[in-house]
Participant: 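What follows is a structure written as structure tokens; I'll ask about it next.
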Number of protein chains: 2
Amino acid sequence: MARTTIPPLLPPRHEPFKVACSTCGIRQLCLPMGLPPIDIEQLERMVKARRLVPRNTALFSAGDAFEAIHVVRTGFFKTSACAEDGRDQVTGFQMAGELLGLDGIVDGVHTCQAVALEDSQVCVVPYERLEGLSRDFERLQHQFHRLMSREIVRDQGVMLMLGTMRAEERVVAFLINLMRRLRARGFSSSSVVLRMTREEIGSYLGLTLETVSRTFSRLQDDGLLEVKAREVRVLKPRMLLQVIRQAA
Amino acid sequence: MARTTIPPLLPPRHEPFKVACSTCGIRQLCLPMGLPPIDIEQLERMVKARRLVPRNTALFSAGDAFEAIHVVRTGFFKTSACAEDGRDQVTGFQMAGELLGLDGIVDGVHTCQAVALEDSQVCVVPYERLEGLSRDFERLQHQFHRLMSREIVRDQGVMLMLGTMRAEERVVAFLINLMRRLRARGFSSSSVVLRMTREEIGSYLGLTLETVSRTFSRLQDDGLLEVKAREVRVLKPRMLLQVIRQAA
DNA sequence: CGTCTAATTGAACATCGTCAATACTTGTGG
DNA sequence: CCACAAGTATTGACGATGTTCAATTAGACG
């Protein structure tokens, strides 16, 4: 029953959690980031509920009506864009504090799919409520704009990677980015357990799963990494950075 | 003096134009799109001025302080992202009604460069003013959010292209997209004069200029296009569409 | 009209993708 | 608890696609 190619819909729509941004462990990485307590209180009013998203289920899919922005509270997601012709690609991986669903605003319909790669929890921010409170609270408004802009800058970075990097550089850039974000969340800065398959990494990087696998093996042979299935340990962080810098 | 690799700064900062969105020829494609007259009047209040941007000059560069969103009124732009290591890539081409500078919101600094590919005119929308009026005018607010979201969706489309398409598909997708947008602006739907070099196209598509050139030649040999330097005429629009559809 | 940039084209080469065989994980049911 | 099955990862050989380098031609602009 688990692990279907088309993830099953999520049965329980809303879990009745108590939401309290002001005491949330990830508030420095999330929407409240940098806001004074008075604005964070407003933020709490926006959040409708938390929602559980079991592993391998879709939080939303392409074509779904857009009603809310979601913020990852715990867990790990991937988003995939799909074109009309069936082509699809992983466009990003999201972890605690990161936003899901900004694509839906323009036409009120999601154009991508968000799937949990492990049992996860998200905060549901109904979009109408967000716009409403943004009108009354300047800092909240600015914060939201900053996060949309950050997504645009992030996307530009992905384009740069896809357009200019070779396979090895892409894989290394992916790893460095992932570990930087994990470090910001208090995880080890030298070792990761990847939540995604080689195929998903490859899709994100515009490579085949074989090329991703071979690249990991080569980086291991060169002594920069230790790779054991999904567990990656960085042995030479400096040299890893150089893999990208030396190119141009 | 002209055509330096680093475009010269724009000497006259603000041209004293009278701004009137309500009578502007491109209002259906621009920020006012779909808004009722009463909101368009508010929009006019946001626009500080129009500004002339001569060919091959930068409207803004990476590192510049972000103060305003710009909207292309006439002409044609490219935006390029540049990484710390010197790597850079064209991330988009903008024409009348399209926005420039959304990347600057997050940190108050531009992360990309916008260069005019022909003598152009932009409307300057000071960002503080935009946020201020957005708080008072719901539809304006929503419109702005829609346009940021549209940029995110557009970027996802570019990623999909860079990650999954072969050279010929990329070039064709680029042409189809360009002509669709030109058609929406009342230009011929069968012939274009490209404003950018093969190198700029290649950078955008993640290909070398030689591959772009060869691909044009092949599409011409196959009778789908007629290419004479920068002038491209589409002879078989249906078959052009099929170049992309048949892949998956 | 001449110079500089841009575009085309060819040949050799590198990188990555495809196909295929094998090994390793993980979860499930006997 | 073990064995099996399905999914996931590794590795090799080969081939396709796109890059690099180089030479030539065509355009654009002063």
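All chains are named by letter (A, B, ...) in the order of the sequence lines, taking the proteins before the strands, and each is independently numbered beginning at 1.
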Participant: Is the base of D/dG12 touched by the side chain of A/R214 through a donor-acceptor pair closer than 3.5 angstrom?
Facilitator: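 Result: at least one qualifying N/O pair found.
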Participant: Would you say the ring centroid of A/F93 lies under 6.0 angstrom from that of A/F77?
Facilitator: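 Distance test on ring centres: not under 6.0 Å, no.
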Participant: Let me know the distance between CZ of A/R218 and P of D/dG12, rounded to the nearest Å.
Facilitator: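 Going from CZ in A/R218 over to P in D/dG12 covers 13 Å.
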Participant: Using a strict cut-off of less than 4.0 Å between a Lys/Arg side-chain nitrogen and an Asp/Glu carboxylate oxygen, indicate whether B/R87 and A/E169 qualify as a salt bridge.
Facilitator: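 Yes, this pair counts.
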Participant: Can a side-chain donor-acceptor contact be found between A/S80 and A/D88 if the only test is distance below 3.5 angstrom?
Facilitator: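 No pair is found: no donor N or O on one side chain lies under 3.5 Å from an acceptor on the other.
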Participant: Mark yes or no for a side-chain to base donor-acceptor pair under 3.5 Å between B/R170 and D/dG18, with no hydrogen or angle criteria applied.
Facilitator: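 By the distance-only test, no, there is no pair.
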Participant: Which nucleotide, C/dT9, D/dA9, D/dT11, lies nearest any side-chain atom of A/S217?
Facilitator: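 Looking only at side-chain atoms, A/S217 lies closest to D/dT11.
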Participant: Base, sugar-phosphate, or nothing for B/L207, non-hydrogen atoms under 4.0 angstrom?
Facilitator: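 Here B/L207 touches the backbone only, sparing every base.
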Participant: Nearest-Å distance, CD (B/E200) to C1' (C/dA7)?
Facilitator: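 Between C1' of C/dA7 and CD of B/E200: 13 Å.
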Participant: Which nucleotide, D/dT10, C/dA6, C/dG17, lies nearest any side-chain atom of A/S213?
Facilitator: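 Among D/dT10, C/dA6, C/dG17, the one nearest the side chain of A/S213 is D/dT10.
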Participant: In whole angstrom, what separates B/N56's CG from C/dT5's P?
Facilitator: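 The distance from CG of B/N56 to P of C/dT5 comes to 12 Å, rounded to the nearest Å.
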Participant: Name the orientation class of the two ring planes belonging to B/F66 and B/H110 (parallel below 30°, tilted from 30 to 60°, perpendicular beyond 60°).
Facilitator: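 Perpendicular: the ring planes of B/F66 and B/H110 meet at over 60°.
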Participant: With a 3.5 Å cut-off and no angle check, do the side chains of A/T79 and A/Q113 form a donor-acceptor pair?
Facilitator: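 On atom types as modelled, these side chains do not qualify, holding no pair under 3.5 Å.
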Participant: Please report, rounded to the nearest Å, how far the C1' atom of D/dG18 is from the CG atom of B/L209.
Facilitator: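 After rounding, the reported distance stands at 13 Å.
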Participant: Could you tell me the separation between the CG atom of A/L205 and the C1' atom of C/dT15, rounded to a whole number of Å?
Facilitator: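 My rounded result for the distance is 16 Å.
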Participant: Rounding to an integer number of Å, can you tell me how far B/F216 CZ sits from C/dT8 C1'?
Facilitator: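 Going from CZ in B/F216 over to C1' in C/dT8 covers 13 Å.
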Participant: Measuring from the side chain of A/R198 (C-beta onward, heavy atoms only), which nucleotide among D/dT10, D/dG18, C/dT15 has the closest atom?
Facilitator: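 The closest nucleotide is D/dT10.
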Participant: Hey, does the side-chain of A/E210 have a donor or acceptor N/O within less than 3.5 Å of a partner on the base of C/dC19?
Facilitator: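 Result: at least one qualifying N/O pair found.
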Participant: Once you round it to whole Å, what is the distance between P of C/dT8 and NZ of B/K228?
Facilitator: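 So the two atoms are 13 Å apart, to the nearest Å.
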Participant: For the side chain of A/R230, counting heavy atoms from C-beta on, which of D/dA9, D/dT19, D/dG12 is nearest?
Facilitator: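 Nearest nucleotide to the side chain: D/dA9.
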Participant: For A/L194 and D/dT8, give me the distance from atom CG to atom C1', rounded to whole Å.
Facilitator: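 About 13 Å, once rounded to whole Å.
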Participant: With sugar-phosphate meaning primed atoms plus P, OP1 and OP2, does B/T211 contact a base, only sugar-phosphate, or nothing at under 4.0 Å between heavy atoms?
Facilitator: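 B/T211: base contact, heavy atoms under 4.0 Å.
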Participant: Base, sugar-phosphate, or nothing for B/G206, non-hydrogen atoms under 4.0 angstrom?
Facilitator: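 If one applies the 4.0 Å heavy-atom cut-off, B/G206 turns out to touch the sugar-phosphate alone, with no base involved.
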